[in-house]
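This report refers to the structure that appears directly beneath it.
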Amino acid sequence: MPELPEVQTIVGDLLPHLTGRTITDVRLAWPKAVAAPDVEGFVLGLRGQRIVGMERRGKYIALALESGRYLVLHLKMTGALLWRQASDPPDRFTRTVFALDGGHELRFTDIRKFGRLWLVDDLAQALPALGPEPLDGAFTAERLAQALKGRRAPIKACLCDQKVVAGVGNIYADEALFLAGVHPLRRADGLRRAEVARLRDSIVTVLEQGIRNRGTSFDTYRDGHGNKGSNQLAVRVYQRDGEPCPRCGTAIRRTVVGQRSAHFCPNCQPRRPLKRGLAAP
DNA sequence: AAGAGACCCTGGATGC
DNA sequence: TGCATCCAGGGTCTCT
């Protein structure tokens with residue numbers, strides 16, 4: 001499940017290879033992945049186009065084309081983007097192949113077929129309204145507090161809301177809540193100022209750690225060369241239910257928040273907030 | 001407006 | 001061994 005650190009790793013891997021390359025052909029094995037325009041317009045609009053840039057916004061990848069348009073991709077749950085040679089053996093679950101000059105290929109693989117592709121004139125046509133980039137200076141505790149104001153939903157659900165902060169998903173939300181000592185079911189608008197500040201710092205910490213470890217590969221995530229990341233070895237609570245909390249030894253628990261699994265330490269992340277003035281865990 | 005729930009998908013795990 | 005069922009979950013959409 002690629003989240004910000006995984007998408008960032010992929011972009012970092014592919015950017016030096018793709019920049020300056022020309023897309024010579026597009027082969028669609030699963031045309032339904034094309035969200036816009038129609039399939040023919042998508043292929044014709046890409047064929048012959050030189051790639052002039054590549055960037056990440058939230059969990060989206062945008063390739064800037066010579067024409068001024070953008071090829072936008074979202075990997076959703078199981079998508080991967082692989083830098084390959086045309087002569088390399090085929091990759092399982094390849095849904096789209098972007099053939100490139102020089103005998104190279106950019107392969108989009110996706111087991112569950114949730115990933116989507118767009119070819120747009122303007123990034124806003126593909127990207128929904130997204131909250132601040134968490135690794136930008138703009139993502140401050142004040143900004144997070146503002147986004148959580150009036151939100152009665154569980155804090156875990158709000159952290160995964162891309163309008164609150166862009167790029168955080170299930171894994172890093174669980175990890176950030178643990179580091180901040182905040183229970184995932186706490187009402188978002190019930191967090192104290194100091195807790196919101198801790199949460200902001202924890203989000204930055206876990207995302208930066210994820211990037212340093214080149215992403216979390218619990219199952220399908222692969223980087224731009226098809227290799228696993230190592231952050232799954234560094235997570236503190238995600239998918240560790242039943243194992244001892246790394247801080248206090250209490251068994252990690254799993255619950256469901258907003259139809260998604262949530263992992264937490266019932267001791268370090270109490271359901272009720274600590275009294276004002278008590279030291280943070 | 002916010003939040004809850006359905007939906008899209010399929011490999012792998014589990015159950016009988 | 002073989003078949004059926006369940007589960008994971010990001011984001012979008014609909015409904016309340």
Side-chain angles (χ1 to χ4, degrees), chain A residues 1-10 28-36 56-62 72-81 90-96 108-118 120 123-131 133-134 144-177 184-191 203 207 210 215-222 228 232 235 237-242 253-264:
Chain A
M1 45 217 80
E3 303 178 29
L4 186 153
E6 290 74 31
V7 177
Q8 186 68 48
T9 301
I10 291 168
L28 294 166
W30 177 251
K32 277 178 75 174
V34 178
R56 179 194 60 74
R57 176 75 175 97
K59 303 175 193 174
Y60 291 80
I61 296 170
V72 178
L73 305 97
H74 196 299
L75 304 175
K76 294 287 181 88
M77 298 291 301
T78 58
L81 273 182
D91 290 282
R92 277 189 89 187
F93 313 115
T94 297
R95 309 298 183 195
T96 304
F108 169 60
T109 67
D110 187 14
I111 297 173
R112 287 182 209 164
K113 299 180 174 175
F114 282 4
R116 288 294 176 265
L117 316 169
W118 297 258
V120 291
L123 278 187
Q125 290 176 256
L127 271 50
L130 294 171
E133 283 293 330
L144 180 58
Q146 193 62 37
L148 298 178
K149 210 171 161 186
R151 298 290 297 261
R152 304 163 62 90
I155 182 62
K156 166 76 188 281
C158 290
L159 289 187
C160 292
D161 180 346
Q162 301 301 294
K163 291 189 288 297
V164 171
V165 53
V168 174
N170 217 28
I171 298 173
Y172 295 96
D174 277 3
E175 293 297 303
L177 286 165
L185 283 169
R186 295 267 307 279
R187 246 177 69 163
D189 65 357
L191 266 58
I203 290 167
L207 292 176
T216 307
S217 292
F218 269 109
D219 46 325
T220 58
Y221 164 70
R222 296 294 183 273
K228 290 188 176 193
Q232 65 281 9
V235 297
V237 290
Y238 186 76
Q239 284 194 8
R240 291 197 182 281
D241 35 319
R253 289 243 289 271
R254 177 186 179 279
T255 185
V256 174
V257 182
Q259 303 180 91
R260 305 288 188 261
S261 64
H263 310 78
F264 65 100

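Everything numeric here is computed off the predicted structure, so don't read it as measured data. Reckoned from all heavy atoms, side chains included, excluding hydrogens, waters and symmetry mates.
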Kindly write out the residues that satisfy side-chain hydrogen bond (donor to acceptor under 3.5 Å, both in side chains) with A/Gln125, not counting sequence neighbours, or none if the list is empty. none

Residue set satisfying side-chain hydrogen bond (donor to acceptor under 3.5 Å, both in side chains) with A/Gln162, at least two apart, ordered chain then number -> none

Please say which of A/Val237, A/Leu185, A/Asp241, A/Thr255 ends up in a side-chain contact (heavy atoms from CB on, under 4.5 Å) with A/Phe264. A/Thr255

Protein-nucleotide distance ([X], atom [atom1]; [N], atom [atom2]), rounded to Å:
X	N	atom1	atom2	answer
A/Lys149	B/dA1	NZ	P	16 Å
A/Gln259	C/dG10	CD	C1'	11 Å
A/Arg95	B/dG11	CZ	P	7 Å
A/Asp189	B/dA2	CG	P	12 Å
A/His263	C/dG9	NE2	C1'	12 Å
A/Lys163	C/dG10	NZ	P	15 Å
A/Leu159	B/dG3	CG	C1'	16 Å
A/Glu6	C/dG9	CD	C1'	14 Å

In residues 164-176 of chain A, which ones come under 4.0 Å of DNA chain B, going by heavy atoms? none

If only side-chain N and O atoms of [X] are considered, is one of them under 4.0 Å from the OP1 or OP2 phosphate oxygen of [N]?
X	N	value
A/His74	C/dG10	no
A/Gln162	C/dG11	yes
A/Arg151	B/dG3	yes
A/Lys76	B/dC9	no
A/Thr78	B/dG11	no

Quick check: does any side chain N or O of A/Thr96 sit under 3.5 Å from a backbone N or O of A/Phe108, one acting as donor and the other as acceptor? no

Backbone of A/Thr94 reached by a side-chain donor or acceptor of A/Arg92 within 3.5 Å: no

Hey, does [Y] have a side-chain heavy atom less than 4.5 Å from the side chain of [X]?
X	Y	answer
A/Arg57	A/Leu123	no
A/Thr109	A/Arg222	no
A/Lys32	A/Lys113	no

To the nearest 0.5 angstrom, please state how far the CD1 atom of A/Ile171 sits from the CD atom of A/Gln239. 7.0 Å

Rounded to the nearest 0.5 angstrom, the NE2-CG distance for A/His263 and A/Leu177 is 12.5 Å

By nearest heavy atom, map A/Ala126 and A/Met77 onto DNA chain C; which one lands nearer the 5' end? A/Met77

Holding to ring pair (Phe, Tyr, Trp, His ring centres under 6.0 Å), I want the full list of residues that pass it with A/Tyr60, two or more places apart in sequence or in another chain. A/His74, A/Trp118

With a 4.0 Å heavy-atom cut-off, tell me which residues in residues 109-117 of chain A come close to DNA chain C, sorted by residue number. A/Arg112, A/Phe114

Sugar-phosphate, base or nothing in reach of A/Tyr221, heavy atoms under 4.0 Å: nothing

Using a heavy-atom cut-off of 4.0 Å across all strands, would you classify A/Pro2 as base, sugar-phosphate, or nothing? nothing

Do the side chain of A/Arg260 and the base of C/dG10 come within less than 3.5 angstrom through a donor-acceptor pair of N or O atoms? yes

So A/Tyr172 and A/Glu6, side chain to side chain donor-acceptor pair (under 3.5 Å) or not? Walk me through it. CA-CA 11 Å; A/Tyr172 295 96; A/Glu6 290 74 31; 2.7 Å; yes

Where the side chain of A/Arg254 is defined as all heavy atoms beyond and including C-beta, which of C/dG9, C/dA8, B/dC9 is the nearest nucleotide? C/dA8

When the axes are fitted on five pairs at both termini, how much does the helix from B/dA2-C/dT16 to B/dC16-C/dG2 curve, in 10° steps? 50°

Check whether more than 12 heavy atoms from other residues, nucleotides or ligands sit under 6.0 Å from atom CZ of A/Arg253, and answer yes or no. no

